[in-house]
Visitor: 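After the structure tokens below, expect a handful of questions from me.
Computed over heavy atoms, backbone and side chain alike; hydrogens, waters and symmetry mates excluded. Just so we're on the same page: letters track the sequence lines, and every chain starts at 1. A quick note: this is a predicted structure, and the numbers were derived from the prediction, not measured.
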Amino acid sequence: MPLEVPAVEERYVFAEIEEKWRRKWEEDGIYHVPDFSDRPKYYCLEMFPYPSGNLHMGHVRNYAIGDVVARFKTMRGYDVLHPMGWDAFGLPAENTAIKHGVPPAKWTWDNINTMRGQLKLLGVSYDWRREFATCHHGYYRWTQWLFLQLYHRGLAYKAKAPVNWCPSCTTVLANEQVVAGACERCKTVVERRELEQWFFRITAYADRLLADLKKLTGWPEKVKVMQENWIGRSEGAEIAFPIVGMDEQIRVFTTRPDTLGGVTYMAIAPEHPLGARVTAPEHRAAVGAFVERARRLSELDRTTGEHEKEGIFTGAYCVNPLNGEKVPIYIANYVLMEYGTGCVMGVPAHDQRDFEFARKYGLPVRVVIQPDGASLDGDTMPEAYTGPGRLVNTGEFNGLPNVEAIKKITQHLEAQGMGRYQVRYRLRDWLISRQRYWGAPIPIVYCDDCGAVPVPESALPVLLPENVAFKPTGKSPLLDLSAFVNTTCPTCGGPARRETDTMDTFMCSSWYYFRFTSPREENGPWDLDRVNRWLPVDQYIGGVEHAILHLLYSRFFTKFLYDAGLVKVEEPFTNLLTQGMVLKNGAKMSKSKGNVVSPEDILTRFGADTTRLFVLFAAPPERDLEWSDQGVEGCYRFLQRVWRLVTSVLEEIREAPDTPSGALVGVNRSMRRLTHQIIRKITVDIETRFNFNTAISAAMELVNGMYQFRDRIPAVDRDPAVMREAVEKLLLLLAPFAPFITDELWARCGHTTSIHREPWPEYDPEMLVEDQVEIVVQINGRVRDRMTVPADITPTEMQEAVLEQPRIRELVAGKEVKKVISVPGKLVNIVVR
RNA sequence: GCGGGCGUGGCGGAAUGGCAGACGCGCCAGACUUAGGAUCUGGUGGGGUCACCCGUGGAGGUUCAAGUCCUCUCGCCCGCACCA
């Protein structure tokens, strides 16, 4: 058979090839992107990692996906900003220090060096000149500077509030970092503590953060819905209920002012200070005991979700502003101090929670909304009615549809000065201070005379001292470091103490994407011209676990910076791709499950090209990916197949022009058609859908076709230019996926410059045209025959041709043809009876 | 409970309403080999009297035609969860 196959094929030695090109790319700086040029820009960013020690498969997947996008866009003619850095502050470094005595800085930098090496092994096309770590003072200086900007605009403030305390991490946490009542990092149940802490006023941006979600057409619906729920906008009214015998009111927030007439009790949260004030003397003991029990319960039970509603009567009453009725005041465990006003009006007939509470304590259930065609009875109804209807038992408002009554009653209350229209958000301010060492110090000093004073910008950075002893005391070592703590007041020059809390690391990651545009800028956090050139990020890629944390904080930061005139974008990330997890045996890889696959191991055994190819081929990016050792081998086999194919035809294509000329016929034409069809398929798959798995499968089809072309067609009948074109296009199409082997084979084809500087191949629409197509012939929707027809045949001609077919005539004989559907190029369906 | 997603061969996964299962893995057979866990070729959803029939979680429906659209239903995964 194929005499032209060399007797001794050179083997595909990935280790040598990858090593060689890694060095060459670095020497030539081919991934350096200029700050400015005439070419269109594209900012491709993957979420930068915490330097935990080693890359894991999730990182590999994340960065492989990003690299395909970056390389593809580069080939498409864009200047692609594709940077990498390190989210380098955080607890693990400090915990390791306490456990093993390694200084956090050393541990972190060692990890960064390891992981940088692993990323380079992977062959990701980063512009490494732009690398930075957030724990470097050249970076956190500007993190502190940004804190001051927030502070000066009243968006950073210190306040005493009930906060989430993780006893294991010995620090407070933001609401976003508490999941089901437990610490998002270590899963320890959090405690409530009343502490003075630093907050960012993210709530001031609640409306814009919500409204602008609509602009994010390139974000997954799922993430937008999660943010929408997290922000939690509700429209309603705040209503005042005067307390009987006191010169005070209970204020409640409700989304259903239309049910105001149905209020039969008032409920306030156990933590609410008002509870103790209104309680009648003879109830004090019982109420006190109840509150104590409820508080303890609520800490424990926060993890378990819904629990039995319980309450206790305070002996006090308030007055319904709508009808003047006296309403008993209860303290109830289902009322949340953190939401609304911490007080709720009880409308048992129209709220399921209130209904359950009322039935338990024998409180009246008064229907004030009657649905059309039904008649609810408060004494017998089995559950609350929350649907639409007309008002009853509400005096002048009777008969109104409840939707209208919401407005009317709100207006009525406004006129009486007893209420007003109000919008409430579930979102709370972002608590950013941490009682830990390894973070950016908050640039504030406390002076006995001047109070809290911001550190002047000229005095930044407030350096984090690095010669620090770590003891497992659970206290920040900064507290005992007099050289750090003792300072002078910037205002009066008197003695002062530094803030010893550091900032939440999410603060560091809320602005890093701006810094990549000018990573060494010393006159500001970034150079505005460069930020204007590159932002917004065109494509952001990372795990969905940051759907509300990092992504919401970053949106908030960007809006603040926009308002402060520091950037010109209002949203940081135009398109967001949330990649799925990497699973093994159906479960997320974890040490405890013992199903971890180490990237280093796979890279050593199969090389970067194979590793990348597998994580891209095994599933579409958004979906979870099931790890398969055999699947990896399959990808390795494919690359070997590519290697053998290309090296075996090098001789044959050496002298050939790179584009075939003249009218091709037969096998040469079909080979060329396949090449162009595959170019189109892969282009569409990458560009419009990020379906890298189907793009790779198309490349496999091209390779299969090329093997047939090589092995089944005698050499004399093959046009070497057709083969050359197929080889070169194949390499170009694979270049974003497998950058090493393609550059090597590209060089062997006689090219002297890197394949990664080449433009993406275009397909020739002319070449896609088939002259003959196979169509399907159906009878009553079932495939009964196939035939080959000219591609440009009209539906009528096609129909006639089909009916001439012997087999079809046979099958149709004696039956009435009711209808014939002719779809050009596809099928003919004959409907018979 | 609310919101989002997903159910297709032995497995990962493909299919603008138009041939279900592309591509890969695995498996079966053959070729070449001292050998092969290398490579190449062919086959591979189930049933069958070889006409065909049945098959995309299940039941209906729309359509000449449904994995795809509609209604109902079951199961799994993720997020939020007493939000007034």
Visitor: Do any side-chain nitrogens or oxygens of A:R782 fall under 4.0 Å of OP1 or OP2 in B:rC53?
Guide: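 For A:R782, the contact criterion (side-chain N or O under 4.0 Å from OP1 or OP2 of B:rC53) is met.
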Visitor: Among residues two or more places apart or on two chains, list those pairs meeting ring-ring contact (aromatic ring centres under 6.0 Å, His included) that have a residue in residues 675-694 of chain A.
Guide: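 Pairs touching residues 675-694 of chain A that pass the test: A:F690-A:F692.
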Visitor: I'd like to know if A:E235 and A:R233 make a salt bridge, using a cut-off of under 4.0 Å between side-chain N and carboxylate O.
Guide: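 Salt bridge between A:E235 and A:R233, a charged N being under 4.0 Å from a carboxylate O: yes.
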Visitor: Below 3.5 Å, does any donor atom in the side chain of A:K309 face an acceptor in the base of B:rC82, or the other way round?
Guide: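 Result: at least one qualifying N/O pair found.
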Visitor: Does A:R623 get its side chain close enough to the base of B:rC6, under 3.5 Å, for a donor-acceptor pair?
Guide: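 No, the side chain and the base share no sub-3.5 Å donor-acceptor pair.
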Visitor: Should A:E310 and A:R293 count as an ion pair when the cut-off is N to O under 4.0 Å?
Guide: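 Salt bridge flag = yes for A:R293 with A:E310.
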Visitor: Phosphate oxygens OP1/OP2 of B:rG24: is one of them under 4.0 Å from a side-chain N or O of A:N704?
Guide: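 The answer is yes; a side-chain N or O of A:N704 sits under 4.0 Å from OP1 or OP2.
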Visitor: When the side chains of residues 778-788 of chain A are checked against the rest of the protein, which donor-acceptor pairs come out under 3.5 Å, sequence neighbours left out?
Guide:
residue	atom	partner	partner atom	Å
A:N780	OD1	A:V832	N	3.0
A:D785	OD2	A:Q805	NE2	3.4

Visitor: Looking at residues 252-270 of chain A, who's got a heavy atom less than 4.0 Å off RNA chain B?
Guide: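 Of all residues in residues 252-270 of chain A, the ones placing a heavy atom under 4.0 Å from RNA chain B are A:F253, A:T254, A:T255.
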Visitor: Between B:rG10 and B:rG55, how many Å separate the two P atoms, rounded to a whole number?
Guide: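 Looking at atom P only, B:rG10 and B:rG55 are 16 Å apart.
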Visitor: Kindly indicate whether a cation-pi arrangement holds for A:R641 with A:Y707, taking the cut-offs as under 6.0 Å to the six-membered ring centre and within 45° of the axis.
Guide: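 Cation-pi check for A:R641 and A:Y707: passes.
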Visitor: For nucleotides B:rU62 and B:rU68, find the distance between their C1' atoms and express it as a whole number of Å.
Guide: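 Result for the C1' pair: 13 Å, nearest Å.
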Visitor: Compare the minimum distances between each of B:rA22, B:rC19, B:rG26 and the side chain of A:S697, then state the nucleotide with the smallest one.
Guide: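 Closest nucleotide among those given: B:rA22.
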Visitor: For RNA chain B, what is the dot-bracket line, given that a base pair needs Watson-Crick (N1 to N3, plus N6-O4 or O6-N4) or G-U wobble (N1-O2 and O6-N3) geometry with both distances under 3.5 Å, and | means paired with another strand?
Guide: (((((((..(((.....[....)))((((((.......))))))(((....)))..(((((..]....))))))))))))....
Visitor: Above 12 or not: heavy atoms from other molecules or residues under 6.0 Å from NZ of A:K588?
Guide: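 Atom NZ in A:K588 is not crowded, with 12 or fewer foreign heavy atoms closer than 6.0 Å.
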Visitor: Are any of A:K819's side-chain N or O atoms less than 4.0 Å away from OP1 or OP2 of B:rC64?
Guide: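 So the side chain of A:K819 is within the cut-off, an N or O lying under 4.0 Å from OP1 or OP2 of B:rC64.
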Visitor: Using the C1' atom in both, what is the distance from B:rG67 to B:rA81, to the nearest Å?
Guide: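 B:rG67 and B:rA81 have their C1' atoms separated by 34 Å.
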Visitor: Between B:rC19, B:rG13, B:rA84, which one does the side chain of A:P620 approach most closely?
Guide: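 Minimum distance to the A:P620 side chain belongs to B:rG13.
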Visitor: For each nucleotide in nucleotides 36-42 of chain B, reading 5' to 3', give B when a protein heavy atom comes within less than 4.0 Å of its base, S when such contact involves only the sugar-phosphate, and - otherwise.
Guide: --SSSSS
Visitor: Between the protein and nucleotides 10-12 of chain B, list every N/O to N/O distance that falls short of 3.5 Å.
Guide:
residue	atom	partner	partner atom	Å
B:rG12	O2'	A:A618	O	2.7

Visitor: Should A:N829 be listed as having a side-chain N or O under 4.0 Å from OP1 or OP2 of B:rG18?
Guide: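 No, A:N829 has no side-chain N/O under 4.0 Å of OP1/OP2 on B:rG18.
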Visitor: Please check if the distance between the ring centroids of A:F737 and A:F617 is under 6.0 Å.
Guide: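 For A:F737 and A:F617, the ring centres are not under 6.0 Å apart.
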Visitor: Strictly below 4.0 Å: does A:S234 bring a side-chain N or O up to OP1 or OP2 of B:rA84?
Guide: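 Affirmative; the distance criterion is met.
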Visitor: Would you measure the distance from the P atom in B:rC70 across to the matching atom in B:rU63 and give it in whole Å?
Guide: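 It works out to 16 Å between them.
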Visitor: Picking from B:rC53, B:rA84, B:rA15, which would you name as closest to the side chain of A:R784?
Guide: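 Among the listed nucleotides, the one closest to the side chain of A:R784 is B:rC53.
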Visitor: In whole Å, measure the gap between the P atoms of B:rA15 and B:rG21 for me.
Guide: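 It comes out at 13 Å once rounded to the nearest Å.
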Visitor: Aromatic contact between A:F357 and A:Y334, with the criterion being ring centroids under 6.0 Å apart: yes or no?
Guide: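 A:F357 vs A:Y334: aromatic centres under 6.0 Å.
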Visitor: Do A:R710 and A:Q708 meet the criterion of a side-chain donor-acceptor pair at a distance under 3.5 Å?
Guide: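 No.
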